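Just below is one structure, and these are the notes that go with it.
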Amino acid sequence: MTDTKRSPIRVLVADDESDVRDAYRQVLLEADVSKDLAAFRKLRARLFNKGDGTASGEPAPAGTLPAFDPVFCSDAESAVAAVRAGVAAGQPFAVIFLDMRMPPGKDGVWAAKCIRDLDPAAEIVICTAYSDTDPGTIGGLVPPEDKLSYLQKPFHPHEIRQMTISLGSKWRAEHRIIRLAYFDPLTGLANRQQAHECLDSAIEAARKQDRPMAVLYLDLDNFKRINDTLGHGVGDQLLCAVAERLRRVLRHGDAVSPAHGPGPLSGLIARMGGDEFVAILPDLHGAEDAGLVAARLIEQLQVPIELQENTVVITPSVGIAYFPADGADGQALMRNADLAMYFAKRQGAGNFAFFEQSMTTVALHRFAIEGKMRGALQRGEFSILYQPQFDVRTSSVSGMEALLRWDNPELGAISPDEFIPIAEETGMIIELGEWVLRNACAQAKVWRDQNLPPVRMAVNVSGHQFVMKEFPQLVMSIIRETGIDASMLELEITESVVMKDEQWAEKALLELKKIGVSLAIDDFGTGYSSLGRLRNFAVDRLKIDRSFVTSLIDCDDDRAIAQAIISMSRSLHINVTAEGVENFPQLAFLLENECQEAQGFLFSRALSATDAQQLLMRAAALGEEPTRTARLRSLIG
């Protein structure tokens, strides 16, 4: 289907004489265009020896010839207002006829200059009955000259029709090219190319007018998971729904339409690729304005979206950078807004952050860590330490938690709090997680073959691993490969990962449980989940987060939460391990409330495989110590 069949050519006519407007009206609305075009085809056929023109002179089928949608104005101000309204509604004019002189108001050149600012793509025709008009002068005032034409009065109807058809066809051809070059084909938003060009224009205007402007960089926090789980088709629908909400929230961005290309615009929303979007805010009164916009974006995007029988909840992270404080050019502003977005994401889903200079130093360190992490596993820089877990009722070693550690020759020992989030963001956590699981199981098998006391081997599972459909098969293959009994392995999944998608978690935990492994929910108490929901999950153990244990003695609220977790878990026949136990008052509280297990610096720091083996050998040699206290002192002494 062609453009001419889809929609008529929108034409604007501005002339102060009613008779002239009537003439335009008769030409564009009342004349039989098909007869004129048929005659033109017959003449062309005779001139170029293409037969007698009988066939080519036949009237074209109804609906295939160009049709016009004209709007008429009597003055320059009305013409500018009509163009502004058309652009805002996404229905711009293709061809605009402007009378040179329209007394007593503004003239056609003034209108042309205003219209060019509103719509750089419009084809403008200056109409005049005077011979003193200088096209060169007007072309300099209303660039570019190739989109500016002239019509001498009095005109012939054929001139109006043919000029409108010719310029309208040119406009449509350029419009198709612009859509390909400057607009995202999926969402209809501006693309990366247009975003950068319009940002440069906005910065130049802000510099001349000495006013601030801002860039908002937006990323969808959990898009990849939705895309992988529900399919790319649903993912595309979600991106279109997000784009529509962005348009609604940033109403000034409605002036950005696929009807025209980049130019002086009042605002811009762009899709940078994937699930990343940018909003350019050129008209700000103060620094707080961009924060208000970011908060409104987050609020609206968090409203559930219905897609193909699925209710999807998406959360965005937004970074904000200001001109001129955060960058003197578009590249710097984009980079710093993107950087601020990553800091917002680290605060948790659905947050925004303003760029700060300190972020650059942190980012450089982060990039250094990311760069050194690539290939570190192959270079043998990673190792595993083992944190003992104690049964406080019998003062015996009940388990070992495998903890990943990284020591780089240049950066030194890097905290897991630093490198684990980066590994998750980059996807390297998948390879690292599998390496830890395989080596921890192999180590547990070595200890068992040495006839050391049987203990559980606890291994942390990242959220990226947990959502993989093939993860249960991976666990099963590693168990077979290493020869460990499935009952000796305990997988720890954080509460936040489990509660993010309860339906998936329930299914995944059941699949893992069928293998025969134990399952623990780590960092319990931080995700605000209901203890009652635990009935739905096939878990064997809760690990009370260290933040509650640390303040057991000083904080009544944390003490009450810990008591509730232990009591409810006992009624559900779920074991409890307290993390971060560092002193005897904390241990006394756990014993008083019948908590089964504990781990922390009071008992032991994380140990190398050799030191952990020595601990297990001491435990085997203790035999029947007369008291629980004596056994504990022998083990941790």
Side-chain angles (χ1 to χ4, degrees), residues 377 380-407 412-416 432-433 435-460 478-479 481-492 517-518 520 522 541 543 546 549 575 577-584 586-587 590-591 595-637:
L377 190 59
E381 296 176 9
F382 285 102
S383 61
I384 301 176
L385 296 183
Y386 300 91
Q387 172 105 58
Q389 298 171 330
F390 288 81
D391 187 325
V392 296
R393 299 166 300 182
T394 61
S395 294
S396 59
V397 181
S398 55
M400 293 283 184
E401 180 179 359
L403 301 175
L404 182 63
R405 293 294 184 263
W406 180 26
D407 196 342
I414 304 163
S415 168
L432 289 174
W435 182 83
V436 172
L437 181 60
R438 178 173 285 104
N439 283 274
C441 288
Q443 184 61 65
K445 182 63 166 59
V446 168
W447 289 335
R448 190 72 188 97
D449 290 345
Q450 293 174 344
N451 294 318
L452 295 175
V455 295
R456 295 186 316 272
M457 179 60 75
V459 178
N460 292 280
I478 289 177
I479 289 173
E481 174 189 328
T482 58
I484 186 179
D485 291 334
S487 60
M488 294 177 62
L489 176 62
E490 182 167 272
L491 301 178
E492 296 186 2
V517 301
S518 297
D522 198 10
R541 185 179 315 281
K543 299 189 72 177
R546 66 178 63 250
V549 177
N575 294 321
T577 299
E579 297 182 288
V581 179
E582 298 182 355
N583 54 57
F584 283 101
Q586 293 170 348
L587 177 59
L590 298 174
L591 288 170
C595 180
Q596 292 93 350
E597 294 187 1
Q599 65 183 89
F601 291 163
L602 174 64
F603 304 100
S604 174
R605 295 180 178 273
L607 305 171
S608 66
T610 300
D611 291 339
Q613 179 177 321
Q614 293 297 320
L615 175 64
L616 293 176
M617 291 174 65
R618 292 202 306 272
L622 283 176
E624 296 294 332
E625 283 286 349
T627 66
R628 182 173 58 190
T629 303
R631 288 182 60 83
L632 186 60
R633 285 176 177 171
S634 298
L635 288 173
I636 68 176

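What you see below is based on every heavy atom in this structure, not just the backbone, and it leaves out hydrogens, waters and symmetry mates. All values derive from a computational prediction rather than experimental measurement.
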Nearest 0.5 Å, what's the [atom1]-[atom2] distance between [X] and [Y]?
X      : Y      : atom1 : atom2 : result
Leu385 : Asp611 : CG    : CG    : 9.5 Å
Leu616 : Asn451 : CG    : CG    : 12.5 Å
Asp522 : Arg546 : CG    : CZ    : 9.0 Å
Ser518 : Met488 : OG    : CE    : 11.0 Å
Cys595 : Leu590 : SG    : CG    : 5.0 Å
Asn460 : Glu490 : CG    : CD    : 10.0 Å

Where does the angle between the aromatic ring planes of Tyr386 and Trp447 fall among parallel (under 30°), tilted (30 to 60°) and perpendicular (over 60°)? perpendicular

Does any non-hydrogen side-chain atom of [Y] lie less than 4.5 Å from one of [X]?
X      : Y      : result
Phe603 : Val392 : yes
Leu489 : Leu437 : yes
Ile484 : Arg448 : no
Val517 : Ile479 : yes
Gln450 : Gln613 : yes
Leu615 : Pro388 : yes

For the residue pair [X] and [Y], what are the closest heavy atoms and their distance?
X      : Y      : value
Arg405 : Ala606 : NH2-CB, 4.5 Å
Gln586 : Gly580 : OE1-O, 3.8 Å
Gly412 : Asp407 : C-OD1, 3.3 Å
Lys445 : Gly483 : CE-O, 3.1 Å
Ser396 : Thr394 : OG-OG1, 2.7 Å
Ile384 : Ala440 : CD1-N, 4.2 Å

When you look at Val436 and Phe382, which way does the side-chain contact (heavy atoms from CB on, under 4.5 Å) test go after all the steps? CA-CA 9 Å; Val436 172; Phe382 285 102; over 6 Å; no

Audit row: Leu404, Trp435, side-chain contact (heavy atoms from CB on, under 4.5 Å) steps and yes/no: CA-CA 10 Å; Leu404 182 63; Trp435 182 83; 3.8 Å; yes

Could I get the full list of salt bridge (charged side-chain N to carboxylate O under 4.0 Å, His left out) partners for Arg438, not counting sequence neighbours? Glu434, Glu481

Could you go step by step and tell me if Lys543 and Glu401 meet the salt bridge (Lys or Arg N to Asp or Glu O under 4.0 Å) rule? CA-CA 12 Å; Lys543 299 189 72 177; Glu401 180 179 359; 3.0 Å; yes

Please lay out, stage by stage, how Val446 and Leu452 fare under the test side-chain contact (heavy atoms from CB on, under 4.5 Å). CA-CA 9 Å; Val446 168; Leu452 295 175; over 6 Å; no

Option from Glu579, Arg456, Arg541 for which side chain to side chain donor-acceptor pair (under 3.5 Å) with Gln389 holds: Arg456

Decide yes or no on side-chain contact (heavy atoms from CB on, under 4.5 Å) for Gln599 and Thr577, but give the supporting numbers first. CA-CA 7 Å; Gln599 65 183 89; Thr577 299; 4.0 Å; yes

